[in-house]
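To start, the structure itself, in structure tokens.
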Amino acid sequence: MGIEILEPNTCIRGCCTSPSIPLHLPPSSYTLLSPIARGSESVVYEGTLDGTRVAVKKPILSTSEDINKFHKELQLLCKLDHPGIATPIAAHAKPPNYMFFFKLFESPNLAQKLHVEEWIPTLNDALMIAMQLAKALQYLHNLGIVHRDVKPANILLDKNLCPHLTDFGLAEYKNDLKRVSTENWKSSGKPTGGFHKKNMVGTLIYMAPEILRKELHTEKSDVYSFGISINELLTGVVPYTDLRTEAQAHTVLEMNYTEQQLTAAVVSDGLRPVLAAEDLGIPSRLLSMIKKCWDADPNNRPAFDDIVEELDLVMEHGKLKKAEDIHIRPYNLHVVQPAGKTDHFKAYQESFSWFTRGELLARSASSANDSGLITRCESSDKPSAYHPTMSWGSYATCGRRETMEDTHFILPHICDEKDAYAFGIFDGHRGAAAAAFSSRAVPAVLQTSDFMGSPANALAEAFIKTDAAFRKELDSYRKSNRCIQKDWHPGCTAIAILIVRNKLFVANIGDCRVILCRAGNPIALSKDHVASCLQERERVIRQGGQVHWQVDTWRVGLPALQVTRSIGDDDLKPAVTAEPEITESTLCPEDEFLVMASDGLWDAISSMEVINIIKDTVKEPGMCSKRLATEAVERGSKDNITVIVVFLRPVSTAERIY
Ligand SMILES: Nc1ncnc2c1ncn2[C@@H]1O[C@H](COP(=O)(O)OP(=O)(O)OP(=O)(O)O)[C@@H](O)[C@H]1O
Ligand SMILES: [Mn+2]
Ligand SMILES: [Mn+2]
């Protein structure tokens, strides 16, 4: 493109050279805009280079070892040229700035695509992705390079859904690995996204048994990670999160300290993710190839030359059978049409997403108030003198987690009522389904309720109806016997606020929180429902649940849930109730703003600090939300984080106050 290559085109040390991409840039040629992602070892920004939008990967360089690593990664990247690999278009390798510039991929990476967007690929999509990725890895292996971090989060998708392998932070020449064998262990790179912070490279669930046994990483270890990733693409299930043994793997994954259990199971018991289901039209050849890829013995795994050949054959067959029509998502609710005798191959399914299912609830939600559980709060209809002037913004980030299980909604001027606003946050656990469903269902039910006349009731009704509808949906979905996850009980915590004129209602279940900043001080408008709270513990036991001390805190039931109220979690109902605790406040001119957020924020930042941070941030609610979330990540919050900031006064006033 337009960027001129300044000679000599080398990095500061002279070790990296490239005939085609510039390795140092005039400062005026690029800008860094907002961060797209924070990896364990770098921050990826959106930026511009010579006027074009690009992605800028800026490694976190804290030691000289990190700088060596940057040079190594750059040297390697300069040698690569393959359509299936995200190669840099420029780099800047002179102090104080070390950066890689890549073409900006607008679509999310494959992990987000599958688990946040809940994308369901057709068989054709899946085969195309598998093939492209296999070719990219074949290319690398032929050059003697092992990637060592193959996983969906490192696969970028372009507009046509073509995959581009990225993140060469852990890549090595195979020959160098031989030499370092045990050193390889201590890990030059900080492991990515996983939990083994010191001893391992790669991400635990994608790591081959030999890596877990601390043996040498070979190209066959990439084959293993490839197999796990392709199965994830076919099933839509994050490896091992659908298992439910005594120590539920999902819990294992959430509790960093028991990863040894999973490691042991993978290494010694041959545990593998649940293989995609053949009866949905996924060719058995593809499935046996995946099984071979994740064979315990690296020697039994195919090389990428074989994999590419095998995929070719599978695709040939697919063409005959219209692979583009086949939707592969075994755990979907779908209707299998009576197949014609000659056409067993074709399985239809209703395209399915938990977001959409939640939305549909509006159509079935009756406007009658029939929950019967809530005592009507006295009406607050009297028009009052004070009306807040509102503006709002939000920010949601996956943080250091691999998957995003938070969702939220913002619903201003409900049903065209200019004085009614609702906001909500849902923090999913044991999967994202409940949070996805609720973020659409709760506002849908609210809109059909008497939210003006009886706001507290409307909120309670929204939570209880959503919970009932979600569990019913889950039930029928399990019964559709397409569900490979026999014991799957997703849930979410929820907080919602409803502002009607000068009244503020907060409904909460779980450990999201809302605070109000009144005259400079935080007022908590919700209380956490967690098993470490005695009152809640007693309530759970009274309602037939079990609470036990596990590892470091009180937890509910076998799944060892820390929260005591939620939507979903149907294996723990009724003890883990969806009935919200509701607070009502009257807003006054002293009120400055509201901050609501999932526990990822509150784990890292106190209410008072939140207020102070907003005080020295530009008074734009979206920016405040982002600043808070970013600060929490920087302080080490390991969770997904969602923040909504609502100003209750004209922003110009708010600005003047501080
Ligand atoms: N060119 C790009 N366009 C759009 N998004 C990108 C691009 N490159 C990276 N990203 C996003 O940034 C994320 C992190 O990038 P990358 O994996 O290269 O960083 P990292 O610090 O090595 O992360 P980790 O090691 O934790 O996986 C990717 O998963 C992707 O979502
Ligand atoms: Mn990555
Ligand atoms: Mn990385």
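Along the sequence shown, residues are numbered consecutively beginning with 1. Order of appearance sets the numbers: ligands from 1, and atoms from 1 within every ligand.
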Geometric N/O contact [X] with ligand 1, under 3.5 angstrom:
X    : value
S42  : yes
T166 : no
A55  : no

Ligand-residue contact atoms, ligand 1 with [X], heavy atoms, under 4.0 Å:
X    : result
A153 : 28 (C), 29 (O)
N109 : 28 (C), 29 (O), 30 (C), 31 (O)
K57  : 16 (P), 18 (O), 19 (O), 20 (P), 22 (O)
N154 : 17 (O), 27 (O)
F102 : 1 (N)

Verify, without hydrogens or angle tests, whether [X] (side chain) and [Y] (backbone) share a donor-acceptor contact under 3.5 angstrom.
X    : Y    : result
N9   : L23  : yes
Y395 : I641 : no
R430 : G491 : no

Once ring pair (Phe, Tyr, Trp, His ring centres under 6.0 Å) is applied, do any residues pair with F304, and if so which ones, sequence neighbours excluded?
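In terms of ring pair (Phe, Tyr, Trp, His ring centres under 6.0 Å), with neighbours along the sequence ignored, F304 is linked to H141, F226.
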When you look for heavy atoms under 4.0 Å from ligand 1, do you find them on the side chain of [X], its backbone, both, or neither?
X    : value
L156 : side chain
R38  : neither
K151 : side chain

Evaluate E210 against Y224 for side-chain hydrogen bond (donor to acceptor under 3.5 Å, both in side chains), listing each step before the verdict.
CA-CA 10 Å; E210 67 272 16; Y224 178 95; over 6 Å; no
Listed by chain and number, what are the side chain to side chain contact (heavy atoms under 4.5 Å, CB included) partners of T63, not counting sequence neighbours?
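Side chain to side chain contact (heavy atoms under 4.5 Å, CB included) check on T63 returns E65, D66.
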Cation-pi geometry met for K103 and F105 (6.0 Å, 45°):
yes
Does T407 reach the side chain of F437, with side-chain heavy atoms less than 4.5 Å apart?
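T407 does not reach F437 side chain to side chain.
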